[in-house]
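To start, the structure itself, in structure tokens.
Values below: every heavy atom of this structure, side chains too, minus hydrogens, waters and symmetry copies.
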Amino acid sequence: MSELPFGITPDTSFTVITRSHQEALNTLLVALNSGEGFIKITGEVGTGKTLLCRRLLQALPAGSISAYLPNPYLAPRTLLLALAEELGLAVSIDCDDYHLLQSVNRALMAHAAAGTQVVVCIDEAQAMPLETLESLRLLSNLETEKRKLLQIILFGQPELDRKLAEPSVRQLLQRIAFHYRLDGLDRQEVDNYLAHRLRVAGYRGEGVFGARAVRCLLRASRGTPRLLNILAHKSLLAVFGEGRHSVRASHVRQAAADTEGAGAPGWW
């Protein structure tokens with residue numbers, strides 16, 4: 001192999017097209033094409049929300065303008081400054097809130113007049129304070145007679161749903177026209193996932209993960225890609241330490257015992 005096949009850093013070169021991810025991407029593209037203001041994608045930790053976001057940014061039409069905010073734990077004014085920076089606006093930090101909003105509005109109007117789509121992707125959206133979420137809703141009020149000037153996609157853990165159920169942000173919840181919940185991988189997808197990542201990493205030999213090992217990995221990871229990567233990596237280390245070639249159920253059990261958050265792999 002030319003590189004490690006099971007790293008936990010999101011890397012689109014290792015992307016495996018699963019049913020859930022493709023459905024989520026299709027939902028995003030349809031929603032963006034229809035000009036909806038808010039879209040929400042939720043999923044458990046490690047289900048690939050950040051990777052999905054990167055796939056979406058790569059799939060946007062040429063000429064689109066995108067802003068990616070990976071850390072939304074910001075005060076309302078700071079969020080607006082971050083958005084202005086992502087849009088390439090030269091705004092003084094001493095500018096008052098009114099003129100800051102006006103600068104952003106003028107920039108969005110100019111993009112709309114040019115037919116340019118502006119998409120803002122907010123990762124880890126469950127961390128946003130309630131007052132910042134409300135500020136985001138007010139920002140989404142910017143629109144022409146035909147469409148929104150700004151389309152906002154919220155990527156978050158299930159805690160985001162509970163936060164949006166708060167009465168203080170109920171108006172924002174009503175504006176979310178499209179939503180998708182990412183699921184874990186099934187048995188066949190785990191098998192394909194492991195084989196694909198080994199192949200991308202340069203491996204061309206015989207099968208490494210036996211059928212029992214795959215079943216154990218599915219059960220221990222609960223189909224979560226990030227946890228699956230950790231367990232597969234540790235299983236390979238266990239095999240290497242024994243001087244063997246194939247991953248067995250016993251190696252997966254060793255990996256699961258050494259990994260926080262892993263489920264019971266079972267005794268196949």
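- When atom types are taken as modelled, the side chain of Arg137 and the backbone of Leu172 share no donor-acceptor pair closer than 3.5 angstrom.
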**Q.** Derivation of the side chain to side chain contact (heavy atoms under 4.5 Å, CB included) call for Met128 and Ile122
**A.** CA-CA 10 Å; Met128 294 183 75; Ile122 301 179; 3.9 Å; yes
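- For Asp96, the side chain to side chain donor-acceptor pair (under 3.5 Å) partners two or more places apart in sequence, or in a different chain, are His99.
- Between Lys49 and Thr42, the shortest heavy-atom contact is CD-C, 4.2 Å.
- Interatomic distance, Thr18 OG1 to His196 NE2, rounded to the nearest 0.5 Å: 11.0 Å.
- Val118 and Leu89 fall within a single hydrophobic cluster, where Ile, Leu, Val, Met, Phe, Trp and Tyr are joined by side-chain heavy atoms under 4.5 Å apart, directly or via other members.
- Residue Leu130 is grouped with residue Leu173 when hydrophobic side chains (ILVMFWY) are merged at heavy-atom distances under 4.5 angstrom, including chains of intermediate members.
- Other residues sharing the hydrophobic cluster of Val45, ordered by chain and number and joined by side-chain separations under 4.5 Å: none, the residue standing alone.
- Distance CG/Leu154 to NE2/His179: 10.0 Å, rounded to 0.5 Å.
- Between Leu133 and Leu164, some side-chain heavy-atom pair lies under the 4.5 Å cut-off.
- Looking only at side-chain heavy atoms (C-beta outward), Thr47 and Arg226 stay at 4.5 Å or farther from each other.
- You'll find the side chain of Leu237 reaches within 4.5 Å of the side chain of His233, heavy atoms only.
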Evaluate the criterion side chain to side chain contact (heavy atoms under 4.5 Å, CB included) for residue pair Gln157 and Glu124; output intermediate values, then yes/no. CA-CA 7 Å; Gln157 296 169 21; Glu124 303 294 347; 3.5 Å; yes
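- The line from CG of Asp123 to OG1 of Thr50 is 3.5 Å long, rounded to the nearest 0.5 Å.
- Note that OG1 of Thr259 and NZ of Lys234 are 3.0 Å apart. Values are rounded to the nearest 0.5 Å.
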Step by step, work out the side chain to side chain contact (heavy atoms under 4.5 Å, CB included) result for Leu150 and Val104. CA-CA 10 Å; Leu150 187 67; Val104 172; over 6 Å; no
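- Residues forming a side-chain contact (heavy atoms from CB on, under 4.5 Å) with Ile17 (at least two apart in sequence, or on another chain): Thr15, Gln22, Arg55.
- In Glu85, the CD atom is not crowded: 12 or fewer heavy atoms of neighbouring residues, nucleotides or ligands sit closer than 6.0 Å.
- The salt bridge (Lys or Arg N to Asp or Glu O under 4.0 Å) check on Glu189 picks up nothing, with sequence neighbours excluded.
- Sparse packing is recorded around CZ of Arg248, with 12 or fewer heavy atoms of other residues, nucleotides or ligands lying under 6.0 Å away.
- Summarising the geometry of Glu44 relative to Pro158, their closest heavy-atom pair is OE2-CG, 3.6 Å, with the distance given to 0.1 Å.
- Remark: the Gln117 side chain and the Gln151 side chain contain an N/O donor-acceptor pair separated by less than 3.5 Å.
- No continuous path of ILVMFWY side-chain contacts below 4.5 Å connects Phe14 to Leu51, so the two sit in separate hydrophobic clusters.
- Nearest heavy-atom pair, Leu160 versus Gln126, reported as atom, atom and distance to 0.1 Å: N-CB, 3.6 Å.
- Checked against salt bridge (Lys or Arg N to Asp or Glu O under 4.0 Å), Arg170 has no partners two or more places apart in sequence or in another chain.
- For the atom pair Arg181 CZ and Asp161 CG, the distance stands at 6.5 Å (nearest 0.5 Å).
- Annotation: side chain to side chain donor-acceptor pair (under 3.5 Å) contacts of Asp186 (sequence neighbours excluded): none.
- Annotation for Leu28: hydrophobic cluster partners, listed by chain and number, are Leu25, Leu29, Val30, Leu32, Ile39, Ile41, Leu52, Leu56, Leu57, Leu60, Tyr68, Val119, Ile153, Phe155, Phe178, Tyr180, Leu182 (ILVMFWY side-chain heavy atoms under 4.5 Å, direct or chained).
- Residues Ala256 and Ala262 share a closest heavy-atom pair of O-CB, 3.9 Å.
- Taking every heavy atom of both residues into account, Ala255 and Ser235 meet most closely at CB-OG, 3.7 Å.
- In the hydrophobic cluster analysis, where Ile, Leu, Val, Met, Phe, Trp and Tyr join through side-chain heavy atoms closer than 4.5 angstrom, Leu108 is grouped together with Leu80.
- Taking the salt bridge (Lys or Arg N to Asp or Glu O under 4.0 Å) definition, one finds that Arg19 meets it with Glu23, Asp183, sequence neighbours left out.
- Qualifying salt bridge (Lys or Arg N to Asp or Glu O under 4.0 Å) partners for Glu86, counting only residues two or more places apart in sequence or in other chains: none.
- Here the CG-CG distance, from Leu83 to Leu101, works out to 10.0 Å after rounding to the nearest 0.5 Å.
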Check step by step if side chain to side chain contact (heavy atoms under 4.5 Å, CB included) holds for Leu100 and Arg77. CA-CA 9 Å; Leu100 175 58; Arg77 174 179 170 80; 3.9 Å; yes
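- Checked against side chain to side chain donor-acceptor pair (under 3.5 Å), Glu242 has the following partners two or more places apart in sequence or in another chain: Arg244, His251.
- Grouped by direct or indirect side-chain proximity (heavy atoms under 4.5 Å, Ile/Leu/Val/Met/Phe/Trp/Tyr only), Leu236 sits with Met1, Phe6, Val16, Leu185, Val190, Tyr193, Leu194, Leu198, Tyr203, Val208, Phe209, Val214, Leu217, Leu218, Leu227, Leu228, Leu231, Val239, Val247, Val252.
- Cluster partners of Phe240, using a side-chain heavy-atom cutoff of under 4.5 Å among ILVMFWY residues and allowing indirect links: none.
- Gln254 and Asp258 share no side-chain donor-acceptor pair at under 3.5 Å.
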